[in-house]
Amino acid sequence: MVVTRFAPSPTGYLHIGGLRTALFSWLWAKKNGGTFLLRIEDTDLSRNSDDAMRAILNAFEWVGLSYDGDAFYQSKRFELYKSYIDRLLSEGKAYRCYMSKEELDELREEQMARKERPRYDGRYRDFKGTPPEGVEPVIRIKAPLDGEIRFVDGVKGEIVIASSEVDDFVIARSGGVPTYNFVVAIDDALMGITDVIRGDDHLYNTPKQIVIYNALGFELPRFSHVAMINNEEGKKLSKRDGATDVMEYKTNGFLPEALLNFLVRLGWSNGDQEIFSVEEMISLFDPKNINKSASSYNLDKLLWLNAHYIKNSSDEKLIELLKDFEIDLSADEKSSDILKATKERAKTLIELASQINLILQAPTSYNQKVIKKAFGGEAKEILSRFNVTLQAQKPENIEQFHELLQDFVAQNNIGFGKIGQPLRVALLGDMAGAGLDEIMYILGVDEVTKRIQSAINFIESL
RNA sequence: GGCCCCAUCGUCUAGCGGUAAGGAUCCCAGGUUUUCAUCCUGGUUACAGGAGUUCGAAUCUCCUUGGGGUCACCA
């Protein structure tokens, strides 16, 4: 049985680093037919966990992740934590520390002055006397005084840390509210988590949590610490380069399968394979193949994946997705032709939408840079002649448009560029884009004629 | 600074003592395409440095260097 969890603190939104660890945990649970739980780490009561919850749920829903059962809120489990603190206290494994904040600060300053690592000196560890007046005590755990704390990390291998590095840390604040490392250990144990997959930044918390596990006789889960995602410069990811709300990827025209595929390959691999469907990820994922080193966020690769998934999406799906980008082709009988002509030219849904608009909306201006080349020389005469032919023949399908174009070139004894370039600019306003026959078919004879006429008028006005 | 982690093309990575160090992305060139894109073909670019161990090291050990994480009554 595998039970994994995702345990975000409510900081507002879910970013890709969080989504990746959530994905890894989710995949591992799914692969093993296990359970994936969600726990909100909201012991800091000043943060609004409702908003965070909604943001996470939105993101989960968009990418298709879901958790089992109800979400756990640590803020609702204080009674439970208190019972374990009491137990530790009565068993003599934890103790009240009456040191004031001022005293603690003083101690730290002295230690720093001596170039020592600031750490609690254990002065109340075996305190038997009368506690000082007016100090609301914190509860500290009795950490081992010597030896070392070791565990086998699922990705890093054996980790050894000297016990002297772990001091008698606070497990309950003076108000009685338990601290992070304590509740994480309690919850992971009580929730039956078998695999803790989390960011590298938690590596140093692990020995502390192990102290709790040991004090309470809980069995250790497997820990897998995933290295961080850096930005393209190899520095810490910031909002500017990817650490944005996952939902912004949706707004920016990314498909969830592209984002998931991108993330799963960041730090994890299965040989040379690059493209993974969610089903494949589930069947192939194993934390033991997670890379030890940090990886860098690479937008080019994400865009490439996104383009791949756009190209391979069904028309129905794209039509649905495009609705968020102000394009509704659901009632357009030529929708499939429109998508065929555009989807290979788009890296994002935004680009796809603009490609479509480029065809569907008559140009309001012509690209300055190509006017001279496309509209110079005999362009005007050729376009007029083409319009006449068009009206005479009135092609009705792509093949007919194609033939008409070919015949026109042959009969007028001109190179294709002579008609192709001005026609393209007349229709789209620019030199690049879908095939002319496709565009003309999509627009229909009359619209094509209209756009050509506009172009002719424009040329005359030059 | 102490402690811990990490180190293969610019980037994502394969490699797990014997390989011409492979793939993907990016970039470049060619082909297909009436343009652009797609697609296809080809190309440039990497084992951070130094000592060991070994017949043989990208792979094992150590050191150096360089990155990162962490040192709270935050999570």
Side-chain angles (χ1 to χ4, degrees), chain A residues 7-11 41-44 46-47 74 97 99 101 104 108 112 115-120 136-140 153 155-157 159-162 164-167 169-181 183-184 199-207 225 227-230 232-236 262 265-275 289 291-305 307-308 311 341-347 351 355 370 374 402 405-406 409 415-421 423-425 428 430-437:
Chain A
S9 61
T11 46
E41 316 240 297
D42 57 350
T43 50
D44 182 341
S46 61
R47 290 172 179 168
Q74 292 185 322
C97 169
M99 207 171 170
K101 277 188 179 154
L104 237 189
R108 283 212 186 93
M112 305 244 276
K115 296 222 164 106
E116 283 173 18
R117 192 170 97 83
R119 69 197 293 287
Y120 176 66
E136 184 73 14
V138 299
I139 315 288
R140 289 182 182 272
D153 187 272
V155 341
K156 312 248 185 212
I159 305 287
V160 182
I161 287 166
S164 58
E165 289 296 316
V166 180
D167 63 4
F169 60 94
V170 174
I171 59 174
R173 293 169 252 236
S174 41
V177 178
T179 58
Y180 174 77
N181 280 116
V183 299
V184 166
D200 219 349
D201 48 344
H202 287 284
L203 194 64
Y204 197 76
N205 287 324
T206 309
H225 289 97
M228 304 281 92
I229 301 175
N230 295 134
E232 310 209 29
E233 285 77 48
K235 299 291 179 191
K236 193 172 173 157
F262 173 69
R265 282 289 287 106
L266 229 45
W268 177 81
S269 60
N270 178 61
D272 284 342
Q273 188 171 350
E274 295 289 347
I275 304 294
N289 293 331
N291 218 80
K292 291 179 179 185
S293 50
S295 44
S296 289
Y297 177 86
N298 181 216
L299 187 60
D300 278 335
K301 195 132 187 186
L302 211 207
L303 285 168
W304 172 73
L305 282 164
H308 170 86
K311 273 180 293 195
T342 52
K343 68 182 182 184
E344 286 183 350
R345 273 164 254 267
K347 285 191 160 77
E351 286 182 21
Q355 286 288 335
V370 303
H402 187 78
L405 225 31
Q406 298 298 334
V409 169
F416 197 96
K418 287 282 182 197
I419 176 62
Q421 291 187 349
L423 180 57
R424 173 172 298 284
V425 177
L428 300 182
D430 210 336
M431 287 280 257
L436 288 170
D437 35 21

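When reading the values below, keep in mind they use all heavy atoms of this one structure, side chains included, and skip hydrogens, waters and symmetry mates. All chains are named by letter (A, B, ...) in the order of the sequence lines, taking the proteins before the strands, and each is independently numbered beginning at 1.
Using a 4.0 Å heavy-atom criterion, one finds that A:S293 contacts the sugar-phosphate atoms exclusively.
Under the side-chain hydrogen bond (donor to acceptor under 3.5 Å, both in side chains) criterion, A:Q355 pairs with no residue, sequence neighbours left out. Shown here are the side-chain hydrogen bond (donor to acceptor under 3.5 Å, both in side chains) partners of A:D437, two or more places apart in sequence or in another chain: A:H402. Qualifying salt bridge (charged side-chain N to carboxylate O under 4.0 Å, His left out) partners for A:E351, counting only residues two or more places apart in sequence or in other chains: none. Among residues two or more places apart in sequence or in another chain, the salt bridge (charged side-chain N to carboxylate O under 4.0 Å, His left out) test is passed with A:R140 by none. Here A:F169 pairs with nothing under the ring-ring contact (aromatic ring centres under 6.0 Å, His included) rule; sequence neighbours left out. Partners of A:K156 under the salt bridge (charged side-chain N to carboxylate O under 4.0 Å, His left out) rule, at least two apart in sequence or in another chain, are A:D200. Legend: residues meeting salt bridge (charged side-chain N to carboxylate O under 4.0 Å, His left out) with A:R108, ordered by chain and number and at least two apart, are A:D105. Residues passing the side-chain hydrogen bond (donor to acceptor under 3.5 Å, both in side chains) test with A:R119: none are found, sequence neighbours excluded.
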Report each atom pair, protein N/O against N/O of nucleotides 30-32 of chain B, whose distance is under 3.5 angstrom.
none

Give each protein N/O atom lying under 3.5 Å from an N/O atom of nucleotides 64-70 of chain B, with the pair distance.
residue: B:rG68; atom: OP1; partner: A:K235; partner atom: NZ; Å: 3.4

Polar atom pairs between nucleotides 40-47 of chain B and protein, under 3.5 Å, N or O only, would you list them?
none

Nucleotide by nucleotide, 5' to 3', does protein get under 4.0 Å of the base (B), only the sugar-phosphate (S), or neither (-) in nucleotides 14-28 of chain B, counting heavy atoms?
S-------BBBSS--

